[in-house]
Structure formats: structure tokens, C-alpha cells
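Beneath this line is the structure, given in C-alpha cells, with notes to follow.
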Amino acid sequence: MIYKITFSCEEEVGFRRVFEMDSDATFLDLHKAILESVNYPDNQMTSFFLCNENWEKGQEVTLVEMGANFEYDNMVMEETRLSDLLEEQGQRLIYIFDPMFERYFFGSLKEIKPGSMVGVQCVEKKGTAPKQLQTEDMSAIVGKDGKGDLGLDEDFYGDSQYDEGDLDMEGFQDLSFEDGSMF
């Protein structure tokens with residue numbers, strides 16, 4: 001069977017990638033085709049998740065073997081064929097491309113048709129993909145001049161008011177690191 005899967009992204013209006021592949025292709029094959037279509041390097045711990053009609057995550061397919069999940073089987077992209085999990089038209093999945101900020105492409109199995117093919121082909125490219133990795137805007141934190149004016153006064157941590165006598169030493173007298181027992 002030949003699968004036709006469409007991916008979109010809510011961050012970029014008009015972004016769309018459509019792929020056709022044999023149902024015996026692996027999730028790793030699809031992963032590589034997605035990265036190639038958007039010019040992302042293959043250096044992130046990406047994952048696919050099957051989703052229900054409300055886009056709630058279900059079964060995960062990871063790039064590398066992860067720890068055991070008691071709710072779902074541990075599935076790895078290289079070992080998992082699309083036909084193992086995608087069985088009916090309309091099924092939904094997400095592809096996490098930025099794991100730090102959990103940003104993803106929404107996918108849908110749009111068509112299943114008879115036939116076979118080799119590899120995964122991107123048959124439609126529309127729009128520009130978002131940046132792969134989102135970084136927090138540090139200029140908002142540090143300030144555009146790089147001086148880091150956070151609106152805090154110089155005594156924010158109480159440095160000028162520190163008094164060693166305020167430290168309650170009770171409970172610390174038994175700590176001795178001389179015998180090496182701590183490490």
C-alpha cells in the first residue's frame with residue numbers, strides 16, 4: 001500500500017509538506033524525509049506520537065531506545081514500520097522537531113492507495129518551515145545593551161546586609177569531611 005501523509009505547523013501559516021511512501025517504510029525513513037524537506041540537521045531527539053482526534057498523544061516512536069513506558073510499548077523509528085501503527089485513513093500523528101520547547105508538525109494520513117514504491121518522496125512543499133530550535137529571547141532578560149538591567153537594586157540578594165552571626169550553626173557541627181565518608 002502507498003500512504004500519503006500531510007504535515008502542517010501552526011507556527012507558519014501556509015506551511016505544508018506532503019509525503020508518499022510505501023506502508024512498509026519505517027518511521028526513520030519518514031523522519032529523514034521530513035528533515036530533508038525542511039533543511040533541518042539530524043541532531044535532535046525527535047519523536048513521533050500517534051494522536052487521537054483531539055491531538056492527544058498516544059503511542060510514541062522514538063529516534064533511539066528510551067526507558068520503558070508502562071502505558072505503551074517502547075518503539076524505535078528504525079524498527080517500526082508505518083504499517084505497524086498507521087492502519088486507517090485520517091489517523092493523526094505529530095512529529096516533534098524541537099524537543100526542548102516541544103514544537104511539532106501535525107500529520108494526517110490523508111490517503112491509502114494500492115501499490116508499492118521505494119523510499120519516501122516529498123510530493124508537495126508549500127511555505128517556509130519554522131526555525132528548528134526556538135531560543136528564548138535573551139535580549140528581554142539581559143537587555144539590548146548587554147548590561148542586564150533587570151530592574152533589581154544592588155542589594156537584591158542582601159549582600160550588603162549579610163552578617164555571619166545570622167547563620168545558625170546548630171546541626172552543622174557534626175559534619176566532618178576529614179574521614180572521606182561523604183564521598
Side-chain angles (χ1 to χ4, degrees), residues 1-140:
M1 303 303 280
I2 295 176
Y3 286 172
K4 186 175 199 174
I5 301 176
T6 300
F7 287 94
S8 61
C9 182
E10 62 186 16
E11 292 178 38
E12 293 291 333
V13 176
F15 171 82
R16 188 162 101 169
R17 296 294 185 270
V18 180
F19 299 92
E20 286 190 355
M21 70 233 60
D22 195 272
S23 60
D24 283 335
T26 65
F27 278 87
L28 183 63
D29 298 328
L30 180 56
H31 157 78
K32 289 179 178 182
I34 292 170
L35 292 180
E36 184 179 319
S37 78
V38 294
N39 296 315
Y40 291 168
D42 191 1
N43 62 1
Q44 297 300 310
M45 292 299 299
T46 60
S47 291
F48 287 95
F49 282 92
L50 295 184
C51 298
N52 64 18
E53 61 278 350
N54 296 319
W55 296 102
E56 295 168 334
K57 293 179 193 172
Q59 175 67 56
E60 180 180 17
V61 183
T62 59
L63 186 57
V64 296
E65 180 99 22
M66 304 299 269
N69 179 335
F70 298 106
E71 190 174 350
Y72 298 104
D73 292 334
N74 188 15
M75 302 187 106
V76 179
M77 289 182 198
E78 185 175 21
E79 301 167 359
T80 309
R81 301 206 176 283
L82 297 170
S83 60
D84 292 344
L85 298 174
L86 300 176
E87 300 167 342
E88 59 189 53
Q89 193 168 312
Q91 269 188 283
R92 294 179 174 188
L93 66 156
I94 59 173
Y95 174 73
I96 297 182
F97 62 88
D98 180 356
M100 180 67 83
F101 290 95
E102 199 159 308
R103 295 166 54 232
Y104 39 82
F105 297 137
F106 294 93
S108 179
L109 179 55
K110 292 293 186 183
E111 186 178 352
I112 301 173
K113 58 187 176 184
S116 65
M117 60 184 288
V118 176
V120 178
Q121 295 177 357
C122 183
V123 296
E124 184 180 328
K125 275 182 163 181
K126 287 191 176 176
T128 304
K131 286 184 177 181
Q132 182 179 20
L133 299 177
Q134 180 175 331
T135 56
E136 292 188 44
D137 184 6
M138 294 307 288
S139 66

Check your understanding: With ring centroids as reference points, do Tyr95 and Phe48 lie under 6.0 angstrom apart?
Key -> yes
Review point. Say you draw a straight line from OG of Ser47 to NE2 of His31; how long is it, rounded to the nearest 0.5 Å?
Key: 10.0 Å
Review point. How many angstroms lie between atom CG of Asp29 and atom CG of Asp24, to the nearest 0.5 angstrom?
Key: 10.5 Å
Practice item. Answer yes or no: is there an ion pair linking Glu36 with Arg17, defined by an N-O contact shorter than 4.0 Å? Key: no
Practice item. Determine whether more than 12 heavy atoms belonging to other residues, nucleotides or ligands lie under 6.0 Å from atom CE of Met100. Key: no
Review point. Looking at Gln132 and Gln44, what are the two nearest heavy atoms and their distance?
Key: NE2-CG, 3.5 Å
**Study point:** Over all atoms of both residues, closest heavy-atom pair of Glu20 and Met117
**Key:** O-CE, 3.5 Å
Exercise for review: Please lay out, stage by stage, how Lys125 and Ser37 fare under the test side chain to side chain contact (heavy atoms under 4.5 Å, CB included).
Suggested key: CA-CA 8 Å; Lys125 275 182 163 181; Ser37 78; 3.9 Å; yes
Practice item. Carefully, step by step, assess Leu28 and Leu63 under the rule side chain to side chain contact (heavy atoms under 4.5 Å, CB included). Key: CA-CA 7 Å; Leu28 183 63; Leu63 186 57; 3.8 Å; yes
Review point. What are the two closest non-hydrogen atoms of Glu78 and Thr26, and how far apart are they?
Key: O-CG2, 3.6 Å
**Study point:** Distance (rounded to the nearest 0.5 Å) between Tyr3 OH and Glu87 CD
**Key:** 7.0 Å
Check your understanding: Which value, rounded to the nearest 0.5 Å, describes the distance between Glu102 atom CD and Ile96 atom CD1?
Key -> 4.5 Å
Review point. Closest approach of Glu12 and Ala129, non-hydrogen atoms and distance?
Key: CG-C, 4.2 Å
Practice item. Anything under 30° is parallel, anything over 60° is perpendicular, the rest tilted; go ahead and classify Phe7 against Phe19. Key: perpendicular
Practice item. Measure across Asp84 and Glu79 and return the closest heavy-atom pair with its distance rounded to 0.1 Å. Key: OD2-O, 4.3 Å
Check your understanding: So Lys110 and Val18, side chain to side chain contact (heavy atoms under 4.5 Å, CB included) or not? Walk me through it.
Key -> CA-CA 9 Å; Lys110 292 293 186 183; Val18 180; over 6 Å; no
Exercise for review: Quick one: pull up CD in Glu60 and CD1 in Ile94 and give me the separation to the nearest 0.5 Å.
Suggested key: 9.0 Å
Check your understanding: Are more than 12 heavy atoms from other residues, nucleotides or ligands located less than 6.0 Å from atom NZ of Lys126?
Key -> no
**Study point:** Donor-acceptor under 3.5 Å (Glu124 side chain, Thr6 main chain)
**Key:** no
Revision key, fill the gap. In short, Val76 meets Val61 closest at the heavy-atom pair C-CG1, 3.8 Å
Exercise for review: Please round to the nearest 0.5 Å and tell me the distance separating atom CG of Leu93 and atom CG of Leu30.
Suggested key: 7.0 Å
Check your understanding: For the side chain of Asn54 and the backbone of Glu56, is there at least one donor-acceptor N/O pair under 3.5 Å apart?
Key -> no
